[in-house]
Every structure is written in structure tokens, then in C-alpha cells.
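Written below as C-alpha cells is the structure these notes are about.
In each ligand, atom 1 is the first atom listed, and ligand 1 is the first ligand listed. When a residue number appears, it is its place in the shown sequence, counting from 1.
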Amino acid sequence: MILLVQNNNEYENDLRTMISAFFPVEKIRTAVPEEVADYKREIFGEFSFVLTALFDESSSRLRIEEKGYVKFSAYAYGNFHDRKRFRNRLKLASYRLLSEYTGKVLPWGSLTGMRPTKIATAGLEKGKDRDEIIDYFQTIYDTSYEKAALATDVSYSEKRIIDSVDPISDYCLYIGIPFCPTRCLYCSFAAYPINEYESKVGDYVDTLKQELAFISYLNRNRRLVAIYIGGGTPTALSASQLGDVMKCVRESFDLSDLREYTVEAGRPDSITREKLEVMKSFGCTRISINPQTMNEKTLRTIGRAHTPADIKRAFMEARKAGFKNINMDIIAGLPGELPEDMSYTLDEIEEMRPESLTVHSLAIKRAAELKEQYNDYKASINQETDNMIYLATKRAEYMGMKPYYLYRQKNIAGNLENTGFAIPGRECIYNVLIMEEKLDTFAAGAGAVTRLMNMENGKVTRIDRVENVKNVDEYIGRLDEMLERKQLGVDGRILC
Ligand code: SF4
């Protein structure tokens, strides 16, 4: 347990996030200085350390104490009421203080909460060149050169995709299938075991089809440019159920402007020749087969009921079915894995030669089993994750890929990132458009979130989220409400 003492809680979220970047699963308690003034030294012994932030109008003092003794201190200069200027200074000062205390350097430095590409894109829009943007990251956030260059290069690549769509007339479609063969240890999504939900899948598909027809009606004069069927694992459906959904898409939407049609075929144990043929026949252009690791032992540990051989089989079947754009997802920092395990996974992937590779850093999310069982795994997870990310980055480059999208999540150990690499021309445009929130995404299915851009004079001024209920039974029973929410969302937004 860590104690955060502060005389003003305006920046509590920033300080918590910074502490969590160094101590991802430690609990943080807060107090005001008056509460701890009479604490005896023994009480401080309950906490691994105490971070005190005393805000003042000219400069604010930060200090770290262990058992009542001050170990390190720092200042954040400027008036803390001037949030716009002060916030980054406070984050940088607290980052440097924690870095000094732990002896750890985080590759993104004090940059938390904000998408790195957003900063790089803002630089591009102001006419800055690559070196100036990299310099900005290094000065304001203590970001390493490699990560600053990564964010900047991704922004250049994203810009090409963003500039190729029209935010007024174009939109994307997401279809959520919230079922999976089994639940992965680290999963925080609404992913229901398909075996237990078998009797409900038919009703789910019927409900989804009604929602898709409504989305098509709402967008009757617009151009659908990208479809993403995700989840869950869409291929957990039977071939005929999957075909039913995809047939509905073909019949409900005008696909003449479609540039990309992805189906997440994440779990190799759910992929069959018949399903691949169904996907192909309904126009799917891109699939994702996600090993996460090619090490059998790790697959068992993380609760995936397939072998590395299943992954290779599924990949070969997909090639035979004619898929020329296949992505693979991997995770760095899985339980028991070391850099040599990552190297092995990369060797195996290199042999298969996918067109894109998405490299995730293990995140310990609140809703995941891993969080509950953290004590059992803490010694074996995230061992040298930054080194594994480095190895994956180099291997992606070796395979002719370039980074094209990038995002970070809360509770990634080491404050690392997830990066999509692709052979130029094989990028997933949906991933970029959803990440950068540049185009409407209409989403169907339980837990799916529609994002509607509000635009004035060509600039996004606000993004409205229209959420579907997560629970499968409720989704089936409350479809009218979901449709009404969408209608209200569309009626209430500004698009000009
Ligand atoms: S395959 Fe994905 S959605 Fe399904 S349980 Fe695993 S992490 Fe969750």
C-alpha cells in the first residue's frame, strides 16, 4: 500500500497514474496533511512509501518518505491553479522523483493518459518537422528518443489514412460477437464462454441482424469504408451463424465503397476451413489470427485451449482459402516468459510471414482473472517486457513492416505501449480511424459502443458515445432501447 498525501486533490488522478506507472498493482490510499500530522513513525511503516504533494501558488513541493524519513524531494514550478501550464510540469517532477526513488527509467517518461500520436499529430498540424516533434517529447515528458520517434512515425502513417477519408460522408461499422471458446487469464472484455451460451447464440444473431438493418437505415446516404467484426471471437460462432451475420451485412449495406473488411479470427481453435470459406465468400479481406505466444506452456497458463501447431494449421488454412492480409497479435510480458521465449515466438511467426503484427504489452486490468490472482503470478509476469518489445519491433522491421498505429492502456507495467506494424499498404485502416477518433463508428452487438463525431467547419468538436448494454440477455431483450439511443445520438449531433 502506498500513501498519497496532498493538500489539494486537483491533480490526484495524475499523481495516481504516475505512481501506478511504477507500481502497477499497488493500492494507493490518500490523506490530507492534517490527517497524518500526528502519525507516529510506526504508522508510516504500514506503507511501502508516502508521496506528499504540497501545492502552492509559486511552486509545489513533492517528497517521498519511507517510514517517516524523507528519501527524495522535488519541486514543480509555477502556479498550480494554472492547470494548462502546470500539469505537465507536475507530472514531469513526480516522474523524475519516482524514477530517482525506484532507479527505473520509463521509456515514455512522464507521458501518461494522453495518446502519444495525438501529441505528434498536433505537432505536424503546427508545421513542426520530425526532429522538432521528437525534441518536444524529450523535453516535456522525458520520453526516450526511440519512443518519441515511434509516435512521430506512426503519426505520419496515420495521417495518410486519415486524409484519405471524408468525415462527413464516410463511416465505419463494428460488429461485436461477445463469445469465446474459453476465457484468457488476462481478459477484461465481455467474453462469454460459447459452450454455456449455445442456446442464446441464435437469438443473439437475430437481434444483431435487426440492429445492423437499423444502422444501415441511419446511414442510408453515406459511404461505408471499413467493417470490423470483433469480440470476443467471431469465429466462435458456427459457420452458418457467422454466414448469417455476414449475409445480413451484404444485404443491408451498400459495400461499393468498402476499403476493408476484417474478421477477428483470434482463437485458432475456433477456425475451420468452412468458416474461412464463409468469410471469403462474403467479402472479408483481412483476418487476425492471434497466437499471443508460440510457447505451448504459456498457452496453457493463460487459459487458451490450443497449441502452437493449431496456430500454424489455421494460418495455412487461411492462406489456402485465399487470405492475403493476415494479422497476428502477440503479448510481451506473459507469465513465465523471458526475452528468449519472445524470440522463439517471433521465429515461428517469421516463418508464417503474416502481413501485420500487433505487439501488446501485458496489462493487468481490473476485470481480469490475472488481477485477482496477481500474487500467484507477480514474480513471473512482465519480466524484461521492454526488451521483448524491442525484439518484436526489430523483427517486425526485419519482416518489412512499419509501425502504423499505437495506443497505450492503463496498468501496463513499465508504462509501455501496444503497436501495430504492417507491410506498407496492408495497414488496418479501421484500427487507425477508431484509435484517432476521426470518423463515425457505428457499433452493433452487446457492449458495443458507437462513436459519433460532432464537427464544425471540418474540425471534430466533440465525440458522443452511444453504448449498448453489455449483458447478452439484456441486449436481446432491450434492442428497441439500443436503437432509440442510436437515433437520438444521430439526431442530436452536429455534423457540418
Ligand atoms: S480471445 Fe480475446 S476476448 Fe476472448 S477471452 Fe481471450 S482475450 Fe478475451
> Can you tell me if Arg451 uses its side chain to pair, donor with acceptor, with the backbone of Ile434 under 3.5 Å?
Replying inline: no
> Would you say the side-chain atoms of Arg408 pair up with the backbone N or O of Leu111, donor to acceptor, closer than 3.5 Å?
Replying inline: yes
> Just by modelled atom types, is the Ile429 backbone N or O under 3.5 Å from a matching donor or acceptor in the Arg259 side chain?
Replying inline: no
> What are the two closest heavy atoms between Ser356 and Arg286, and how far apart are they?
Replying inline: OG-NH2, 3.7 Å
> Starting from atom 6 (Fe) of ligand 1, which protein heavy atom do you reach first, and at what distance in Å?
Replying inline: Cys184 SG, 2.3 Å
> Which heavy atom of the protein is the closest neighbour of atom 8 (Fe) of ligand 1, given with residue, atom name and distance?
Replying inline: Cys187 SG, 2.3 Å
> Should the proximity of Cys180 to ligand 1, defined as any heavy atom under 4.0 Å, be assigned to the side chain, the backbone, both, or neither?
Replying inline: side chain
> Quick one: does Gly232 get within less than 4.0 Å of ligand 1, heavy atoms only?
Replying inline: yes
> Which is it for Asp440 and Arg222 under the salt bridge (Lys or Arg N to Asp or Glu O under 4.0 Å) test, yes or no, and what are the steps along the way?
Replying inline: CA-CA 11 Å; Asp440 284 351; Arg222 305 183 75 197; 2.9 Å; yes
> Quick one: which ligand 1 atoms are inside 4.0 Å of a heavy atom on Arg183?
Replying inline: 5 (S)
> Judged by non-hydrogen atoms, does Thr182 sit under 4.0 Å from ligand 1?
Replying inline: yes
>> Protein heavy atoms near atom 1 (S) of ligand 1, is at least one of them under 4.0 angstrom away?
In response: yes
